[in-house]
Amino acid sequence: MVELNAWEPKIVAFLCHWCSYAGADLAGVSRIQYPPNIRIIRVPCSGAINPLYILKAFREGADGVLVSGCHPGDCHYLSGNYFARRKFFLLKELLIFAGIEEERLQFSWVSASEGQKFSQVIEQVVEGVKKIGPSKKGLKEFAFHV
Amino acid sequence: MNGEVGIRIKEKNIYVPTMVPILEVIQETRDIKTFRVQRPSSFFYHPGQFAEIFVPGKGEAPFSITSSPQEERFLEFSIKRIGVVTDALHRLNPGDSVGVRGPYGNGFPVSSLLHSSLLFIGGGIGLAPLRSLINYVLSPQERINFREIILLYGARTPQDLVFQWELKRWAEHRDLTLWVTVDQGDSSWSGIVGLVPEVLKKVVEVEPIGWKSIVCGPPIMIKFTIKALLEMGFQVKDIITTLEMRMKCGVGKCGRCNIGPYYVCKDGPVFSYQELQEMPEEY
Amino acid sequence: MKGKFVTHEQVFTWMERERGLVVITERAQKKYHHLLPSHLITVKTAKELFFSPWEAVYRYTLQGKTWVIEEKVEHSSFPSFLVLLPCEAKAILEVTDVNFMTEDTPDLGYARRRRGVTLIIVGCERIEQTCFCSLVGCSPFWRHRESVFLFPWKGHFYLEDGEEKLSLSPFEDPQKAQAVETFFAETICTLPLPLPANFPEKLYAHFDDPLWQKMAWHCVNCGACTYLCPTCYCFDLSVDGKLRGLTLHTWDSCMFPKFTLHASSHNPRPTGKERVRQRVMHKFSYFPLRNKYYGCVGCGVCREICPVNWDIKEVVEGMVRQVER
Amino acid sequence: MYERALTELASKILGEVEGIIGYAPGSLPFHMRPFLCQREEDIACLSFNHFARPNLARYLLTLEMRKKRVAIVVKGCDARTVIVLLKEGQVKRENLYLIGAPCHGMVSVSKLEERFGVLSPPDFVWEADTFTWRGERFAIRDFLEDSCERCAYPNPPWYDALLGEELPKPPVLPGGRDYLGRIKALPLEKRWEFFAQEMEKCIRCYACRNSCPLCYCTECFVDQTRPSWLSQAATRNENLFFHLGRSLHMAGRCTECGACERACPLGIPIGLLPLYVEELIREHFAFEAGMNLDTPAPLLTYRENDPNEFIR
């Protein structure tokens with residue numbers, strides 16, 4: 001058994017190529033520290049994220065999911081993040097309605113120049129997820145003992 | 001106190017495959033590869049049977065065994081890239097391992113073919129199951145049990161011909177008459193051009209008495225080839241073909257591959273045309 | 001074999017004592033909640049106890065460069081008794097057992113769970129409007145020599161337990177037992193007649209009947225009927241997990257298009273008509289042709305739960321008229 | 001109900017249309033079934049009552065029906081579904097003839113059983129909004145299916161012919177019947193417990209999906225293999241994944257007809273999740289599915305002042 005204090009959350013971060021991914025890059029080259037719990041998946045646009053990606057991430061064992069895109073109005077594809085915002089709003093509210101903690105799924109707008117904000121967001125997300133512990137509510141339950 | 005049900009159960013899980021290494025991969029055509037895998041111990045089979053191949057993380061699918069049972073070291077499977085499992089298979093290299101379970105199915109009715117002349121007709125990847133039987137009957141021990149042997153093989157284009165190395169060997173084999181045709185020739189092709197059923201009527205001149213024909217290929221080709229064979233005077237019981245179905249278990253339990261009361265995985269995949277005629281047309 | 005009698009209390013106390021080892025089906029529970037303990041473990045269908053909705057067959061793991069396959073080891077505690085209705089018992093004994101417990105290729109998961117379980121059949125006092133068991137060779141008092149049979153009779157339970165699987169001490173009352181037998185025989189006479197002889201063969205000949213199209217029209221092709229059917233045993237083997245995962249043995253249904261879809265995208269049963277025909281034909285023709293019993297036990301569950309009132313009894317009766325014509 | 005109006009209308013239009021998709025008495029009491037009326041002699045079978053549960057719009061999507069001009073009997077919710085199908089280009093207006101049936105709501109058999117025990121059809125005499133059982137009078141409203149208790153649209157918003165007369169809007173529901181409210185009022189962990197318990201029951205027979213006229217994907221995401229989203233094993237979390245995924249696919253399309261809930265053989269209130277999504281959409285995006293053809297679907301449009309507080 002993993003002891004709770006030894007447990008580190010696994011967080012999947014979907015970052016849009018044009019802003020948040022570049023923001024993460026900037027955080028990296030600027031040597032800004034942030035927790036190493038995230039696994040980044042680069043997507044062309046936050047609007048390209050199918051809510052099923054997020055559910056699937058939970059199913060495969062993510063303790064938290066972060067989705068990050070360009071600020072409203074800054075989308076490389078003009079309006080992708082506006083459409084995304086509606087989808088994410090519904091998804092987030094639906095998960096909360098179904099009894100899943102709101103810290104599990106978080107969103108942020110991070111631009112290419114916001115390396116500092118990126119690291120702050122990651123810190124907040126990791127902290128939030130750490131507070132509520134490992135995810136059990138979306139995970140596939142094929143626990144199997146040989 | 002517990003009731004013992006009247007059947008003794010062998011403690012072996014039939015769904016668990018044996019992992020074996022791939023020994024060799026041969027690129028046959030653009031999308032067909034032949035995989036030579038190590039033969040698991042106590043894997044004994046007849047020509048025409050198939051095995052389930054398991055690619056970890058991807059799934060399982062049934063493939064006919066294309067090597068002759070007389071090969072002791074390995075099994076061969078010729079596989080076209082078409083779905084999830086085959087796609088994953090095509091990414092594998094010698095040294096990687098796959099799971100094998102089987103053999104399943106009835107195989108060709110070898111005993112009823114004894115002392116007859118055999119007319120093999122294959123289309124595309126349909127040559128794979130035939131190859132097992134062809135090499136079996138061509139082997140020195142078995143050859144005396146059969147009379148004349150003809151193989152008519154067709155593919156869409158010269159690039160789609162599988163087992164070209166084997167075809168070369170067979171062409172030189174004096175115990176076998178080989179006809180190869182393509183639906184559409186090109187500049188490099190000097191052989192016969194035409195659809196299998198037409199070529200069959202044109203070039204293969206046999207008196208159907210004492211002959212058995214074994215047909216395998218895409219459904220549409222089988223359909224018209226059988227028609228041509230009947231026109232040539234073949235009896236329905238002398239035409240043998242194989243069927244394809246989606247299969248999972250391989251032992252007639254999972255319930256999906258039935259055609260009427262017959263399970264293709266257990267009672268087939270080899271059926272005579274006579275048996276086929278009695279089945280509902282749902283394949 | 002002559003039956004004996006036990007009191008309600010005897011059965012009740014025995015089940016209380018063996019609680020944890022006794023499982024009851026929801027339908028039996030609903031019918032006999034007033035005679036049997038109310039807090040026994042219930043299962044929705046009898047088959048799911050042996051034929052799990054899902055189970056892992058083996059685990060595969062990539063260790064270094066080799067794949068390791070580890071078989072599933074059966075968990076230890078499992079019930080010893082299953083209380084169920086006659087139709088549900090017939091489904092186990094004559095359909096799912098026949099499919100899974102073949103001598104040469106047994107389904108190990110099913111067989112392991114099934115082996116230690118004694119079926120306790122409780123006969124039906126009342127016949128529901130959805131029942132049609134007499135049509136398919138079952139009856140409200142269907143018994144089997146390897147199973148225990150109970151039937152509530154005038155303040156007692158009539159008990160047939162030739163192999164003494166329940167440690168009850170029944171008393172004999174030949175006169176009363178005779179009365180029970182007479183009651184059974186008389187009741188059976190009043191039930192609808194079985195399907196005509198050779199119906200499986202005749203139905204088989206009507207594979208291409210245009211009636212199928214008409215009958216299949218309003219079926220929505222969901223799997224409710226097959227999943228809740230006590231006899232439907234079709235399953236799927238699928239994998240889950242990439243570098244470390246399981247091969248799963250899960251329920252599957254012939255009503256789903258993916259059931260028979262080839263990798264080449266050809267589907268031998270492309271529309272609802274073929275799939276509905278397969279379901280009916282499998283139960284009333286293919287299965288009996290192979291295994292002599294009908295693949296349907298007439299429990300009527302599918303009639304009850306169908307969201308669009310697609311009625312298998314009606315369809316079979318329609319086909320009977322068609323083949324007799 | 002409406003039998004006379006139905007037969008009159010049917011004999012008038014049959015010929016003009018190739019078939020009438022309607023309801024006919026089922027094989028069991030308290031059951032109605034979808035019925036395709038194509039010949040004169042079928043007309044007598046057409047009927048409508050408090051047990052016409054399935055949403056018939058589903059049958060417009062079968063291959064043979066798409067090619068034909070058909071008439072279809074629609075309740076308020078079914079008509080809204082047809083409008084969504086029209087909007088999504090699944091059916092053609094010129095191929096449709098909508099027969100509107102003002103609906104008093106569907107009666108739940110299990111609620112009847114709960115009250116009256118084993119049901120015997122001759123005990124009941126049915127009227128539009130009341131019924132008598134062995135001479136005693138009851139209100140239909142007290143025995144409605146959950147999905148119908150919350151209904152706000154008894155009349156089809158669109159029809160070519162109407163059976164009977166339009167009904168007044170049903171009264172605002174008393175608090176006890178506000179399902180969403182009841183769940184929303186629970187604390188997070190209790191909500192989880194509730195859904196976990198319900199999802200545990202689900203066997204993934206897809207009766208909900210297949211009864212839903214708007215679940216018409218040729219390949220549902222649960223059946224996809226590239227990628228494979230979830231396994232076939234009907235475990236609690238996998239089931240929740242399916243129902244969440246389905247609710248999201250229905251976002252801005254679900255007309256709250258409750259066909260999924262009524263179809264569920266295990267009585268799981270599956271409607272809750274899509275219903276909540278629709279409530280959010282109503283509240284935040286001011287949209288209701290199936291009311292007209294012009295308003296763009298909420299997820300195909302946006303406003304700059306959409307909710308943004310949940311994003312850092």
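Atom set for the values below is all heavy atoms of this structure, side chains included, hydrogens, waters and symmetry mates excluded. None of the values given here were measured: they were computed from a predicted structure. By convention in this document, chain letters (A, B, ...) are assigned in the order of the sequence lines, proteins followed by strands, and residues within each chain are numbered from 1.
Contacts between D:Phe241 and chain A at a heavy-atom distance below 4.5 Å involve backbone atoms as well as side-chain atoms. Contacts of D:Phe195 with chain A are made by side-chain atoms alone, with heavy-atom separations under 4.5 Å and no backbone atom involved. For chain D, the nearby parts of A:Glu93 are the backbone and the side chain; heavy atoms of each come within less than 4.5 Å. Using a 4.5 Å cut-off between heavy atoms, D:His249 touches chain A through its side chain atoms alone. The parts of D:Leu273 that come within reach of chain A are both its backbone and its side chain, each placing non-hydrogen atoms under 4.5 angstrom from that chain. At a 4.5 Å heavy-atom cutoff, the contact between D:Phe285 and chain A is made by backbone and side-chain atoms alike. Both the backbone and the side chain of D:Pro298 come within less than 4.5 Å of a heavy atom in chain A. No part of D:Leu186 comes within reach of chain A, as not one of its non-hydrogen atoms sits under 4.5 angstrom from that chain. The contact between D:Ser247 and chain A is made entirely by side chain atoms (from C-beta outward), counting heavy-atom distances below 4.5 Å. For A:Tyr53, the parts sitting under 4.5 Å from any heavy atom of chain D are the backbone and the side chain alike. Both the backbone and the side chain of A:Ile100 come within less than 4.5 Å of a heavy atom of chain D. For D:Glu193, no part lies under 4.5 angstrom from a heavy atom of chain A.
No hydrogens or angles considered: a donor-acceptor pair under 3.5 Å links the side chains of A:Glu114 and A:His71. No hydrogens or angles considered: nothing links the side chains of A:Trp109 and A:Asp74 as a donor-acceptor pair under 3.5 Å.
Panel note: side chain D:Asn55, backbone D:Arg58; no donor-acceptor pair is recorded below 3.5 Å. When atom types are taken as modelled, the side chain of D:Arg80 and the backbone of D:Pro157 share no donor-acceptor pair closer than 3.5 angstrom. Side chain of D:Ser231 to main chain of D:Ala233: a donor-acceptor pair is present (N/O by atom type, distance under 3.5 Å, no hydrogens or angles). At least one donor-acceptor pair closer than 3.5 Å links the side chain of D:Asn239 to the backbone N or O of D:Cys202.
When the candidates A:Glu102, A:Lys56, A:Gln120, A:Lys137 are compared by the number of heavy-atom contacts under 4.5 Å with chain D, A:Lys137 comes out ahead. Interface check for chain A: of the options D:Leu240, D:Leu244, D:Leu272, D:Ile281, the most heavy-atom pairs under 4.5 Å are formed by D:Leu244. Among A:Glu60, A:Gln124, A:Lys117, A:Lys87, the residue making the largest number of heavy-atom pairs under 4.5 Å with chain D is A:Gln124.
Centroid-to-centroid, the aromatic rings of D:Phe310 and A:Phe88 stay 6.0 Å apart or farther.
For A:Glu103 and A:Lys131, the salt-bridge test passes: some basic side-chain N is under 4.0 Å from an acidic carboxylate O. Between D:Glu238 and D:Arg204, no side-chain nitrogen of the basic residue sits less than 4.0 Å from a carboxylate oxygen of the acidic one, so the salt-bridge criterion is not met.
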